[in-house]
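This one's a predicted model, so the numbers in the text were calculated from it and none came from an experiment.
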Amino acid sequence: MVPAADSTGASPAVISITYSEAVEPKFSTIRVTDAGGKKFSTATAMPVASDPKTMTLALPTLPPGSYVVHWVSVATDSHRLEGQYAFTVK
Amino acid sequence: MDNFLLLPRALAAAVSDSGFAGAFGLVLASLLLSNQSGLHLRLQRSTFYCAIGMLVAGIVQVYLATATMIGDAGVAAVRGQIMPVVLETHAGKLLLWDLILTLILLLTLGVRRDWQRRSTAWSLLAVLAALSAARAATGHAAADGDFTLPEFVQVFHLISIAVWAGSVLAGGFVVLPGMLRAQRTGEISAFAGRLSRTVTFALAVVVLSGTYNSYRGLGGSLKPLAGTQWGILLDIKVLLVFAAVAMGAANRRMLGKNRSLTVEQTSTLTTVLRVEAVTMLAILTVSAWLANSPPATS
């Protein structure tokens, strides 16, 4: 995943998550909030045409702070997984 | 949320898989029986009930797959998303194909009433084989895409399980009890012998394809067998398979020793086959649970 979990760096242009199985783009989502839950992502997560296991989310420039990536993946066999991880912008 | 609706999904899949195996076994049994057996109408009715079970379970599976994908089992939420799931997702399209093929199976059962003709049985087996292909593409075997080696192996795995389990289910619950009731005990050893040979061949394919699937599911390591839900379920399934194989071997040994069975031996053979059939239902249920659980490698 990009940026990596618990990493610190400049504001990322995109969030990129690669799953172990191909996912259904229509029902797989990524959103970014700050630690308080305020949503910072406005775009919709998109699939990568050449890699059905990867979803990306374009981000606006994020001000310094801590952020949480909330992801939902629905595999092509219809199974749903969800989780979250944090990263920090300097 | 990782196991959202796991139990109802596994139960619906178990009903569907048991109906599928039962239908496969009943149609095969019609090929193994002589036209004078007097059991063909009973086989046809039982196959119809299996197909109805598959249809109902299939509709429930579409609902549950939609609920799982959207993370909400409420009727209003599912109703709003069921069409996008069925028409736009891989699993949804295949569940729709499963329902269409099940309806074709029911239609064929309604139209082809001449069960003594072998062409009827072969046309039903063709529909069931097409259902196997659709089902192989809905599970973990399709994780790396369609028309891959794992999916191809899974088609053979599903057909061989259906032949193995279905033959035992048809024999234990329909054919042998029917022969006993009709006091045609003389035909039991001949039918059981043909059944045993069919099952032995199917079992060889089950073991080979099952070993391949298990190796993939475990990620090439035996460690998850003890540490993950998927591994523990696989342990239980293997134990049940050993139990079923042992019962089948006991019956085969009895048949091998003596082709003209006594009344007592016929009764023992039927009882063992019935217990084996119940074990088969347990194997199909655990298999459905496995198919709906995240593999040890995820």
Side-chain angles (χ1 to χ4, degrees), chain A residues 1-2 4-6 15-58 67-87, chain B residues 1-6 9-10 12-13 61-73 77 81-96 98 135-146 148 150-151 154 216-217 219 230 290-298:
Chain A
M1 55 186 76
V2 178
D6 301 321
I15 301 289
S16 175
I17 303 178
T18 300
Y19 301 100
S20 60
E21 294 184 11
V23 294
E24 291 289 355
K26 190 172 181 68
F27 295 99
S28 301
T29 60
I30 303 172
R31 64 188 174 90
V32 175
T33 66
D34 64 12
K38 182 186 172 190
K39 190 177 173 186
F40 272 80
S41 53
T42 52
T44 304
M46 300 294 289
V48 175
S50 59
D51 181 4
K53 297 180 180 178
T54 300
M55 294 285 291
T56 60
L57 174 71
Y67 295 90
V68 180
V69 177
H70 307 265
W71 58 265
V72 173
S73 77
V74 173
T76 50
D77 64 5
S78 80
H79 290 111
R80 178 189 175 93
L81 293 172
E82 60 183 65
Q84 58 183 50
Y85 70 92
F87 70 94
Chain B
M1 187 62 80
D2 291 3
N3 290 328
F4 184 57
L5 296 175
L6 171 63
R9 287 188 71 162
Q61 282 178 306
V62 170
Y63 184 95
L64 293 173
T66 305
T68 304
M69 286 195 199
I70 64 175
D72 186 341
Q81 292 295 324
I82 205 159
M83 290 313 288
V85 165
V86 166
L87 298 176
E88 296 176 38
T89 69
H90 183 263
K93 287 174 192 168
L94 287 164
L95 284 170
L96 181 61
D98 197 291
R135 289 175 175 214
T138 55
H140 298 313
D144 292 327
D146 284 325
T148 57
E151 201 175 277
Q154 183 68 358
R216 280 189 75 243
W230 200 90
L290 266 174
N292 283 281
S293 301
T297 53
S298 69

Identify the heavy atoms of [X] and [Y] that sit nearest to each other, and give their distance.
X: B/Thr138; Y: A/Asp77; value: O-CB, 3.2 Å
X: A/Ser78; Y: B/Met69; value: CB-CE, 3.3 Å
X: A/His79; Y: B/Ala291; value: CE1-O, 3.6 Å
X: A/Lys26; Y: B/Pro84; value: CE-CB, 3.5 Å

(message) With side-chain contact (heavy atoms from CB on, under 4.5 Å) as the test, pick out the partner of A/Phe27 among B/Val85, B/Thr66, B/Thr68.
(response) B/Val85

